[in-house]
Each structure stands twice: as structure tokens, then as C-alpha cells.
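As a basis for the values below, the full set of heavy atoms in this structure was taken, side chains included, without hydrogen atoms, waters or symmetry mates. The structure displayed is predicted, hence computed values, not measured ones.
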Amino acid sequence: MTVSSTRSRYSNVAASDETSRAARGTIFPVHDYDLATTLTSGQVFRWELRDRCWEGVIGQRWVRLRADGAAIIAETADPVTDWRWLADYLQVGISLGGVLATFPGDEPMCAAVAACRGLRLLRQDPWECLASFIFSSTKQIVQIRQIVALLCERFGKPVAVPDGCRPAFAFPAPQRVAAADESELRACKMGFRAPNLRAAARKIVDGEVDLGRLATAPTGAARDELMRVPGVGRKIADCVLLFAYGFQDAFPVDVWVMKALQHFYFPRRRVALQRLQKFTASHFGPYAGYAQQYLFHYARVHAKLKV
DNA sequence: TACCAGGAGAGCG
DNA sequence: CGCTCTCATGGT
């Protein structure tokens with residue numbers, strides 16, 4: 001399996017395609033899919049666990065997901081005929097075994113895979129992903145979740161939910177964010193990131209940054225484009241490239257990945273960030289970005305590496 | 001309480 | 001260049 005096919009191919013497992021009848025739910029057969037780990041691994045910030053189900057909003061749709069053995073059971077508020085949007089988001093068509101087989105066989109990666117097997121990369125909306133990671137700088141994941149929730153509540157359009165469920169909101173469009181006051185945004189607890197978010201929204205509304213065009217650009221060009229947004233440096237750009245576009249050679253190096261790389265690959269000598277990035281580009285193979293997510297989650301949750 | 005958080009960017013020597 | 005400081009806010 002090539003990297004490009006992973007980026008462009010849609011899944012073909014949406015069972016209800018065969019009937020093309022509208023339904024409020026579907027079932028995706030999956031192998032090696034740890035839904036809970038995937039939704040809490042710091043790549044997305046909108047999913048909440050309620051009564052053993054994961055509730056969230058994708059685009060303009062409320063969604064409830066439940067892991068059930070070798071399947072993911074999905075439920076929506078409104079009838080759906082074509083489930084490709086959800087299959088694509090969840091990346092259920094990817095063979096995880098094929099991805100893991102490309103990882104280097106060194107001890108840290110083996111330990112990370114053993115600890116986090118079933119962890120997947122999602123395919124998120126670029127604007128929501130970009131905005132979310134603008135909030136991420138020197139914020140803990142729990143705080144990023146809080147900022148995103150407040151922003152959606154206050155600026156996002158309400159979406160339909162089933163009877164008895166709490167209100168849900170879409171992620172606000174860039175037009176809405178661009179029109180907001182900085183003080184309103186700061187009130188969502190994003191602090192000094194507020195002007196950056198608004199500037200990002202304005203660049204997108206003005207067409208100065210075209211998120212749609214990035215999908216087909218080479219990695220380096222797409223990264224440079226994202227880094228023209230204030231508040232977006234190499235790390236955040238790589239997060240968006242990986243989590244929203246599926247550029248598998250994007251390798252975000254945050255504090256946790258930095259700790260993991262230092263601890264596991266360069267013990268007892270400090271290596272500069274730029275040199276570490278050069279190492280990651282050659283060491284982790286064609287799915288380096290995927291390997292990065294395993295390292296990140298392993299370092300943060302399992303290994304609990306110290307500073 | 002003190003330290004730190006999925007950083008970025010300006011200012012300095 | 002490479003280092004340090006600041007930015008805002010809350011968790012642990």
C-alpha cells in the first residue's frame with residue numbers, strides 16, 4: 001500500500017451503500033481499531049464519553065459511536081444515505097497491520113505498538129483542525145477541549161440531536177470567527193491565541209490561504225502555506241498536515257515526542273530540534289506520521305517520561 | 001505552591 | 001544563528 005493511496009482513497013465498507021436507503025445508523029466492520037484511544041489521543045478534541053458511547057459533531061452532523069467487538073456502531077440524528085463522510089473521517093478502510101509493518105523494529109516502537117495497538121489517525125476537517133491546534137500551544141489537552149467546546153457553544157450553529165440529548169454545535173465557520181471581537185474569543189479562555197485564531201480565519205475568508213488547495217500540494221509547499229498563518233509554526237503545521245490531510249511524512253515534534261526521541265534514541269546527549277527532525281524523516285519509514293502518534297501516546301500515557 | 005502544558009515569535013548577543 | 005523571554009490560563 002502506498003502513501004498516496006492512503007491519502008486519497010475512500011473507504012468502501014459503508015454497509016448501507018448497498019441499499020442506498022436512508023438510515024439513522026450504520027455499522028463499520030473493523031479490525032485493530034481502538035476507538036477510545038483514537039478519540040482521546042490528542043489529535044481531536046470534540047468527543048465525549050457518555051454511557052459507554054462517544055458523542056461528537058463531524059461537520060454539521062451529531063454522531064454517536066460505540067465500539068462493539070470487531071465493529072464500530074454509528075448513530076446520527078438525521079437519516080443518512082451515503083456514509084462515506086464518516087468512513088473517511090474514521091479511516092476505517094485503512095489496514096492498520098499494513099501500516100504497523102512499515103515501522104522500524106526497534107525497541108521503543110515495538111513497545112509503543114504493544115501498548116497502543118488499535119490507535120488510528122483520523123481524517124479531520126482542515127479548518128477545525130487548524131483552529132484547534134492554534135489553541136494547543138502550551139495548553140494541556142483537557143484545556144484545548146474546553147476552549148473548543150466554548151467556541152462551538154458560543155459561535156457554532158446548533159445541529160440536530162436525538163430527543164433527550166444535550167444540545168450540540170458545529171465548529172464555527174471561519175467567516176463567523178473572523179467577524180468576532182477579540183474580547184469575545186478571549187472569553188473562550190484561549191488567551192493570547194485569540195488574535196492568531198482571528199487572523200487565521202481572516203486569511204481563509206480573504207482567500208489569502210486556501211485550505212482546499214493544500215490537499216494536492218507537496219508536503220513542503222503545504223507546510224509553508226500553513227506557516228504563513230500567525231501562530232502556526234512547524235509543529236502546528238505538521239499536526240494539520242497529518243490529522244486533516246493525511247500527509248504521512250508530517251511528523252509533529254511537541255514536548256512529548258521530543259522527550260520520547262531524546263530518551264529512546266539519543267540518551268545522555270541533547271540533540272537540537274532540527275537534527276531530530278532530520279532523524280525522524282529517515283528513521284520511521286513511509287508512515288512516519290503514524291509512528292509519531294504511537295510515540296506521542298506511548299510517551300504521554302504509558303511511559304510517563306520525565307522532563 | 002511551583003511547575004508545566006501537543007508553541008510561536010520577537011529580541012538579544 | 002542559537003538562546004531566552006513573553007504571551008494567558010488552568011491542571012496536577
Under 4.0 Å protein heavy-atom contacts per nucleotide of nucleotides 4-11 of chain C, with B for base, S for backbone only and - for none: ---BBBBS
Using atom [atom1] of [X] as one end and atom [atom2] of [N] as the other, report the distance to the nearest whole Å.
X	N	atom1	atom2	value
Leu197(A)	dA8(B)	CG	P	15 Å
Leu261(A)	dG6(B)	CG	P	16 Å
Arg223(A)	dA8(B)	CZ	P	12 Å
Gln43(A)	dG6(B)	CD	P	15 Å
Trp256(A)	dT12(C)	CH2	P	12 Å
Asp238(A)	dG7(B)	CG	C1'	13 Å
Ile147(A)	dG6(B)	CD1	C1'	13 Å
Ile134(A)	dA5(B)	CD1	P	21 Å

Test item: side-chain donor near acceptor, Thr280(A) and Gln292(A), under 3.5 Å: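 Side-chain D/A pair, Thr280(A) to Gln292(A): absent.
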Sub-4.5 Å side-chain heavy-atom contact between Leu150(A) and Met190(A):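 Sidechains of Met190(A) and Leu150(A): no contact.
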Under 3.5 Å: donor-acceptor pair, side chain of Arg24(A), backbone of Thr76(A): no
Is it true that [X] and [Y] have ring centroids separated by less than 6.0 Å?
X	Y	result
Phe279(A)	Phe266(A)	yes
Phe133(A)	Phe45(A)	yes
Tyr294(A)	Phe284(A)	no

Hphob cluster co-occupancy, Leu276(A) + Phe251(A), side-chain heavy atoms under 4.5 angstrom: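 Leu276(A) clusters together with Phe251(A).
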Heavy atoms of other groups near His302(A) NE2, more than 12 under 6.0 Å: yes
Parallel, tilted or perpendicular: rings of Trp83(A) and Trp85(A) (30°, 60°):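 Parallel, since the angle between the ring planes stays under 30°.
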Anything under 3.5 Å between a protein N or O and an N or O of nucleotides 9-13 of chain B, put it in a table, one pair a line.
from, atom 1, to, atom 2, distance (Å)
dG9(B), OP1, Gly231(A), N, 2.9

Sugar-phosphate, base or nothing in reach of Phe45(A), heavy atoms under 4.0 Å: nothing
Touch class at under 4.0 angstrom, heavy-atom based, for Ser41(A) against every strand present: base
Base of dG6(B) paired with side chain of Gln292(A) (donor-acceptor, under 3.5 Å): yes
Pi stacking test for Phe296(A) and dG6(B): under 5.5 Å apart, planes under 30°: yes
Whole-angstrom distance between dG6(B) and dT6(C), as gauged at atom P: 22 Å
